[in-house]
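For ligands, and for the atoms within them, numbers begin at 1 and follow the listed sequence. Residue numbers start at 1 and run along the sequence shown.
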Amino acid sequence: AKEDGRNRLRLYDSGLHQCLLREATLETALRRALTNDELRLVYQPQFDASTPERLVGAEALLRWQDPENGPISPGQFIPVAEKSDLITELGWRVQELLCKDLQRWLAAGFAPPVISFNVSPKTFREGQFAARLHEVMTRYHISPGQLQVEFTEGTLTDRSDIVFQEIQALQKAGVDLAIDDFGTGYSSLENLKRLPLAELKIDKTFVDGLGNNEHDEAIARASLAMAQAFGLRTVAEGVETPSQLAWLQAHGCDRIQGFLLARPLEAEDFQAMLHNPDTA
Ligand code: C2E
Ligand code: CA
Ligand code: CA
Ligand code: CA
């Protein structure tokens, strides 16, 4: 009995338990974050590959400032949110925050480029995404051409009709669609063929190897060729070095996003870039 007790105790203290406990704590904190307005968006500029001083777009990325634990990265809280209904709440909040920022910039006379934002598979499968976005855009007087939705191939694995309907509704409304983290999922060719996409984003994991890893270069080259064949704009994410930039320029990638050119910026710092688009 003593032995059992010790085993149980060991199990209780195991990494798995700690992990579940952390997730439960994070989930509670995230719920509170939604109520207390602890979430905001930052904006990572995207530049024209052939004239990298030209701002051509931006990606909106979620940030969470927890009053006790400081900043918590989306790489940490998005996966936890995705296990519960929280991800859908987050999705609605992102739409709201983005349209609010855009309305402020437009009202102040700035001309922001098209802003992309991320939608998680679960939010997309909810079947309310396009309708909610339309409602939020209307409320803030944002035109659909101002926005682009990024989703991953993982969203499509179950070939859900709802997702397809949502995608068509967004396209019909004039909101562009980008396939995110391209090359990390499955059935890429088929997806490219049947979906009304505007843009393909090459994932950072492949960009990392440009100039030194033949395998990554082959995937990047193939992705660029496929995008070209399907008439899609291409964006490389996570560009950190001049040699990665040079490789992408030489291989006809359209747009560049990465720390080399700009980190994600607070809304006011991004707005300052809109003042003078020639200053990168
Ligand atoms: P993602 O969609 O692939 O976003 C790109 C991530 O790469 C961002 O991390 C960005 O800050 C980072 N990044 C960009 N350039 C560089 C670079 O040159 N070097 C390095 N090391 N990193 C770079 P972030 O903001 O931490 O977001 C991580 C992931 O969290 C995103 O990956 C996305 O999957 C998710 N995420 C972020 N915001 C949202 C959101 O509003 N909604 C949803 N559903 N997911 C989000
Ligand atoms: Ca993205
Ligand atoms: Ca368009
Ligand atoms: Ca990525």
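No other N/O/S atom of Glu150 lies as close to the Ca ion (ligand 2) as OE1 does. Sorting the N, O or S atoms of Glu237 by how far they are from the Ca ion (ligand 4) puts OE2 first. The N, O or S atom of Asp203 with the smallest distance to the Ca ion (ligand 4) is OD1. Nearest N/O/S atom of Glu59 with respect to the Ca ion (ligand 2) is recorded as OE2. The name of the N, O or S atom in Asp180 nearest to the Ca ion (ligand 2) is OD2.
Summarising the geometry of Thr205 relative to Asp208, their closest heavy-atom pair is O-CB, 3.7 Å, with the distance given to 0.1 Å.
Contact check on Glu96 versus Arg139 returns a salt bridge, with a Lys/Arg side-chain nitrogen under 4.0 Å from an Asp/Glu carboxylate oxygen. Between Arg40 and Glu266, at least one side-chain N (NZ, or NE/NH1/NH2) sits under 4.0 Å from a carboxylate O, which counts as a salt bridge. Under a 4.0 Å N-O distance rule, the pair Glu166/Arg125 does not qualify as a salt bridge.
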Hey, can you pull the donor-acceptor pairs under 3.5 Å for the side chains in residues 99-109, sequence neighbours left out?
residue	atom	partner	partner atom	Å
Asp101	OD1	Arg104	NH1	3.0
Asp101	OD1	Arg104	NH2	3.2
Asp101	OD2	Tyr43	OH	2.5
Trp105	NE1	Gln271	OE1	3.2

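Contact annotation: Asp181 places an N, O or S atom under 3.0 Å from the Ca ion (ligand 4). Not one N/O/S atom of Ser116, from backbone or side chain, sits under 3.0 Å from the Ca ion (ligand 2).
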For ligand 1, run through the N/O pairs with the protein that fall under 3.5 Å and put one pair on each line.
residue	atom	partner	partner atom	Å
ligand 1	2 (O)	Glu59	OE2	3.4
ligand 1	2 (O)	Asn118	OD1	3.1
ligand 1	2 (O)	Asp180	OD2	3.1
ligand 1	3 (O)	Asp181	OD1	3.2
ligand 1	3 (O)	Glu237	OE1	3.2
ligand 1	3 (O)	Glu237	OE2	3.3
ligand 1	15 (N)	Gln44	NE2	3.1
ligand 1	18 (O)	Phe259	N	2.7
ligand 1	19 (N)	Glu240	OE2	2.5
ligand 1	21 (N)	Glu240	OE2	3.0
ligand 1	25 (O)	Arg63	NH1	2.9
ligand 1	25 (O)	Arg63	NH2	3.0
ligand 1	38 (N)	Leu62	N	3.1
ligand 1	42 (N)	Asn118	O	3.4

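Clustering ILVMFWY residues whenever any of their side-chain heavy atoms sit less than 4.5 angstrom apart, transitively, puts Leu261 in a cluster other than the one holding Leu61.
Residues Glu59 and Gln257 have side chains that bring a donor and an acceptor to within less than 3.5 angstrom of each other.
Listed for the Thr155 side chain is no donor-acceptor partner under 3.5 Å among the backbone atoms of Phe151.
For the pair Arg221 and Phe206, the cation-pi criterion (under 6.0 Å, within 45° of the ring axis) is not fulfilled.
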